[in-house]
Amino acid sequence: MSPPLLGVEEEGQSSVSLVASSPSDCISQNVTGLKERNYLGLSDCSSVDSSAASSLLDDSKNKLNLKATELRLGLPGSQSPERDPELSLLSSGKLDEKSLFPLLPLKDGICATSQKNVVSGNKRGFSDTMDRFSEVKSSVYTEKNWMFHTAGPDSESPESVAQSKFPGNSGMNVKLSSRPSGTQQAIMKEMAPNAVPEQPRAANGTCHNQAAASNNNSNAPAAKAQVVGWPPIRSFRKNTLATTSKNNDEVDGKPGPGALFVKVSMDGAPYLRKVDLRTYSNYGELSSALEKMFSCFTIGQCGSHGAPGREKLSESKLKDLLHGSEYVLTYEDKDSDWMLVGDVPWE
Amino acid sequence: MNYFPDEVIEHVFDFITSHKDRNAVSLVCKSWYKIERMSRQIVFIGNCYAISPEGVIARFPELKSLTLKGKPHFADFNLVPHDWGGILYPWIEAFAKSRVGLEELRLKRMVVSDESLELLSKSFVNFKALVLVSCEGFSTDGLAAVAANCRFLRELDLQENEVEDHRGHWISRFPESCTSLVSLNLACLKGEINLSALERLVARSPNLKSLRLSRAVPLDALQKILMRAPQLVDLGTGSFVHDPASDAYNKLKATILKCKSIKSLSGFLEVAPRCLSAIHPICHNLTSLNLSYAPGIHGNDLIKLIQHCRKLERLWILDCIGDKGLGIVASTCKELQELRVFPSDPYGVGNAAVTEEGLVAISAGCPKLHSLLYFCQQMTNAALITVAKNCSNFTRFRLCILDPTRPDPVTMQPLDEGFGAIVQSCKRLRRLSLSGLLTDRVFLYIGMYAEQLEMLSIAFAGDSDKGMLYVLNGCKKLRKLEIRDSPFGDTALLTDVGKYETMRSLWMSSCEVTLGGCKTLAKNRPMLNVEIINEDDQIDFSSDDRQKVGKMYLYRTLVGPRKDAPEFVWTLSRRWVGTDLVKQHNSNSSKFLTMAGQEKSQKSQGWSKNPVPSGWNCHNIGVLSKNYCTRIIGYEDLKGTMA
């Protein structure tokens with residue numbers, strides 16, 4: 001007969017825990033097999049992944065691929081149920097770029113990874129506590145260097161263990177970060193197209209955990225994002241709303257009051273931020289806010305990016321360079337030219 | 001046994017407009033059947049594969065208005081592969097050939113090609129109304145053909161279609177002589193529109209009552225258009241963005257004041273909230289407001305807007321309105337009958353936008369509410385019980401908790417009791433969608449109490465076959481049942497196989513139904529098409545019957561397996577009994593399976609299909625075998641309703 005209520009419940013939840021289990025296996029495997037692993041085509045991991053594909057998802061091709069190649073961490077001991085052999089056969093054979101998908105944050109807020117590029121080198125940063133919750137903000141790995149720093153400046157993550165942090169964007173390969181749900185989804189979607197077939201790499205990457213606050217929530221939306229046809233909204237509506245929101249947010253061209261959100265990206269950051277320009281009254285505020293926002297990505301303390309007043313900007317830029325910060329604020333105007341922030345009066 | 005001449009009866013029948021009533025009338029006796037059929041002008045076909053176009057024409061030769069529905073409902077949510085079917089062209093072709101005087105065509109979830117639109121526009125001289133809902137496959141070229149050739153076009157209503165926009169000036173194809181437009185809905189078009197042509201079209205359409213513009217129509221163009229059409233009753237704005245200090249905006253404000261008849265407002269895909277004050281003056285007349293595509297209106301702007309709308313009967317909105325906003329709706333819109341709250345951020349946790357509180361507030365404040373679609377983060381049993389007490393008028397109740405198996409967050413119980421209260425209290429409930437954590441118990445309640453239920457959507461619910469059986473046994477009026485990701489298997493499927501012929505369709509995906517179960521069902525019920533959607537060749541038909549079927553869609557039909565099924569759709573069916581049918585060849589290699597499980601190619605013997613409409617008329621039945629005869633008679637209502 002059919003499984004009892006509990007079974008259903010588990011199934012629902014286990015959509016996450018299920019998928020959760022395998023990655024931990026996967027990762028622990030990888031931890032041990034670090035040196036021998038061929039990072040360019042981890043088939044081991046993918047088959048483990050596919051076996052971990054959530055049983056509550058149906059057979060859409062894309063989704064299978066996504067699911068199959070997703071890696072998740074789970075609580076030690078959580079069971080990964082049997083999956084139809086056909087599915088695993090299917091998915092293992094079909095690694096394509098769509099199948100690259102970052103790890104999802106889980107109910108236990110264990111881990112989320114998003115991956116931009118492939119690490120072609122054979123070294124990478126690794127947290128000691130792979131199968132524990134590690135709270136780190138982000139790590140960046142370079143091809144050749146393996147940097148291991150304790151999370152000094154990271155005040156939010158007392159438990160964080162080894163992680164490497166890197167400023168700049170030299171040889172940026174795998175970037176791992178975790179964010180709570182909403183942004184996570186955005187990232188995943190952004191990342192997926194960029195991801196390269198060596199997705200199993202992610203399996204070997206570190207899993208990070210954002211603030212614990214996101215723990216409870218992060219699971220549900222992650223799972224949601226994976227279920228085809230859920231929530232039951234017409235694709236037309238979904239697509240239209242997505243376009244509409246994008247349009248409403250763009251800086252150039254939309255007059256009118258209300259929040260003026262601007263995308264801010266930092267070179268080498270795994271994800272972008274949005275700021276509401278209306279909440280600042282001058283460039284100084286803006287730059288210090290941005291600095292705060294992006295401070296997690298930089299190792300040293302950046303000096304303020306710009307002193308208040310534009311006349312000082314060039315000066316402070318030099319200062320910044322001297323202090324080791326490599327960042328200046330630029331923006332792209334409607335002619336698609338890159339302009340230095342600060343020349344135009346704030347209003 | 002007619003005491004009156006036929007003409008009198010026909011005149012009486014003219015007053016009977018509902019499909020169900022007309023179907024009932026046609027069952028009374030042969031004479032009434034004949035009179036009714038010759039006088040029926042409006043035909044509704046809920047599943048385009050239940051009957052062939054020739055069959056429809058044969059039975060209702062005088063038909064003028066046709067409604068056709070194609071893909072199953074879950075196609076809306078990407079559960080049905082793109083080219084599953086639902087193709088319009090054969091219908092237009094058949095109607096054109098038989099010179100049906102088609103005047104109105106309403107389509108939902110069908111594949112409409114430009115060729116079919118062109119053929120349509122050229123074949124039916126009096127064609128008046130084209131309504132396309134959630135269709136796809138056509139471009140603005142097809143629309144251009146309709147515009148150019150349908151000289152008496154009154155209604156062109158495009159709702160949420162995927163239209164390929166070729167940026168041609170299709171609007172300009174409306175001839176100068178076209179002055180008959182009453183309704184023009186272009187909201188789903190994404191490309192540029194020739195604004196001056198549109199303005200001229202509006203100017204020469206004095207009967208225009210409903211106009212919904214696309215995103216490409218800016219605010220100043222809107223103003224010019226409204227100047228020409230102050231008589232509008234239904235307006236959908238395009239882009240509603242402008243500098244509030246500008247001339248154009250002030251002109252718009254003045255123009256809107258002249259539009260005293262506007263009762264229905266929608267659009268605002270792009271909106272500058274400060275421009276909203278322009279529409280405040282007309283808000284007090286509004287009975288219908290659709291802001292579900294307007295994420296730019298939120299917070300106080302939204303509240304202010306709503307507070308002006310005291311007469312609102314229908315409200316479609318995004319969940320950024322929040323529980324507080326819904327409270328305002330509850331206290332303002334006392335006439336509210338239909339509410340739809342869509343998620344503005346389907347995947348993000350966002351800001352737990354609406355919860356059970358909003359719904360309870362609405363139920364308390366809006367006693368006339370009967371139709372609900374509510375996407376929320378969470379729901380409690382207590383809330384549902386309260387809602388059931390406050391509003392017992394629900395005819396449509398669709399609740400979607402974004403996390404599909406979420407229990408009551410307060411008690412951690414399943415939501416069985418809550419939904420149970422709804423079905424018990426709302427005796428007129430016709431449509432229900434469930435979500436949240438649910439056990440078999442909720443289905444027990446549904447089977448017991450939901451006597452009028454016609455459509456039920458189930459996802460991630462139930463524990464065992466008993467759940468589905470409760471529903472199949474209890475809901476006598478059930479027409480459409482769609483289930484996904486629930487543990488219902490062969491036992492549930494096969495216990496009452498006769499039931500499916502009283503229904504339009506059944507969809508089961510990611511359930512526990514096996515190939516063997518489907519085969520058994522198909523074997524016993526020849527009037528059903530049991531289709532298995534076999535993407536990625538997951539199912540190997542020659543082997544294990546115990547394989548689970550990923551997606552199964554079955555529906556009653558009078559015409560057997562469809563010939564346009566794509567490669568990945570397998571129709572399980574059996575030979576028809578007692579009819580002399582000839583197979584039609586077509587290039588599509590549809591696959592039919594016999595009960596032996598062997599694959600039969602198109603060319604094989606024993607599989608025949610002749611779209612002979614003669615089986616329809618009563619007097620031909622004697623030609624066929626007794627068995628068949630019984631079935632035909634038994635399915636009079638099948639033919640009649642085709643729903």
Side-chain angles (χ1 to χ4, degrees), chain A residues 1-9 11-13 15 55-61 64 84 86-87 90 94 180-186 189 214 217-225 227-241 243-245 247-248 253-258, chain B residues 74 76-79 134 160-162 188 241-244 269-275 292-296 342-350 375 400 402-407 414 433 437 439-440 457 459-465 484-485 487-489 509-510 512 535-536 538 548 550-551:
Chain A
M1 265 294 248
S2 29
L5 164 62
L6 209 46
V8 172
E9 203 172 318
E11 198 160 64
Q13 295 165 355
S15 64
S55 57
L56 64 77
L57 306 175
D58 68 9
D59 312 327
S60 110
K61 184 171 181 173
L64 261 183
D84 281 350
E86 41 195 334
L87 278 183
L90 259 174
K94 290 182 182 176
S181 48
T183 332
Q184 179 65 26
Q185 308 311 315
K189 290 175 176 55
S214 67
N217 288 334
S218 49
N219 189 25
K224 271 183 250 163
V227 180
V228 166
W230 194 269
I233 306 170
R234 277 194 190 155
S235 3
F236 179 88
R237 182 174 289 277
K238 263 195 268 202
N239 297 339
T240 308
L241 271 182
T243 325
T244 309
S245 314
N247 285 349
N248 277 346
K254 296 303 174 220
Chain B
F74 275 177
D76 281 347
F77 318 131
N78 296 333
L79 285 177
S134 291
E160 301 195 341
N161 303 291
E162 296 290 346
C188 65
V241 174
H242 221 283
D243 177 4
L269 264 78
E270 283 167 6
V271 55
R274 235 190 238 166
C275 295
S292 62
Y293 284 104
F342 294 96
S344 45
D345 184 13
Y347 297 119
V349 166
F375 285 84
C400 176
L402 289 171
D403 179 359
T405 52
R406 189 160 181 194
S433 296
L437 184 65
T439 72
D440 283 346
S457 307
F460 307 99
D463 313 316
S464 72
D465 287 331
R484 62 167 294 185
D485 295 277
F488 306 134
S509 63
S510 305
E512 306 286 317
E535 300 166 281
D536 307 328
Q538 279 164 14
K548 298 242 175 77
K551 292 179 185 167

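Every chain is numbered from 1, with letters handed out A, B, ... down the list of sequences.
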Interatomic spacing from CG in Asn239(A) to CD in Glu160(B) - rounded to 0.5 Å: 11.0 Å

Which portion of Cys188(B) sits near chain A, non-hydrogen atoms under 4.5 angstrom: both

Trp230(A) side-chain N/O to Phe77(B) backbone N/O, donor-acceptor pair under 3.5 Å: no

pair Phe74(B)-Pro232(A): side-chain heavy atoms closer than 4.5 Å: no

Heavy-atom closest pair, residues Leu241(A) and Ser292(B): CD2-O, 3.9 Å

Contact class of Asn161(B) relative to chain A, heavy atoms under 4.5 angstrom: backbone

Gap between atom CG of Asn78(B) and atom CD1 of Ile233(A) - 0.5 Å precision: 11.0 Å

Within 45° cone and under 6.0 Å: Arg237(A) NZ/CZ vs Phe342(B) ring: yes

Contact summary for Arg234(A) and Asp76(B), nearest pair of heavy atoms: NE-OD2, 3.0 Å

From CA spacing to verdict: side chain to side chain contact (heavy atoms under 4.5 Å, CB included), Thr243(A), Glu270(B): CA-CA 10 Å; Thr243(A) 325; Glu270(B) 283 167 6; over 6 Å; no

Interface moiety of Ser457(B) toward chain A, non-hydrogen atoms closer than 4.5 Å: neither

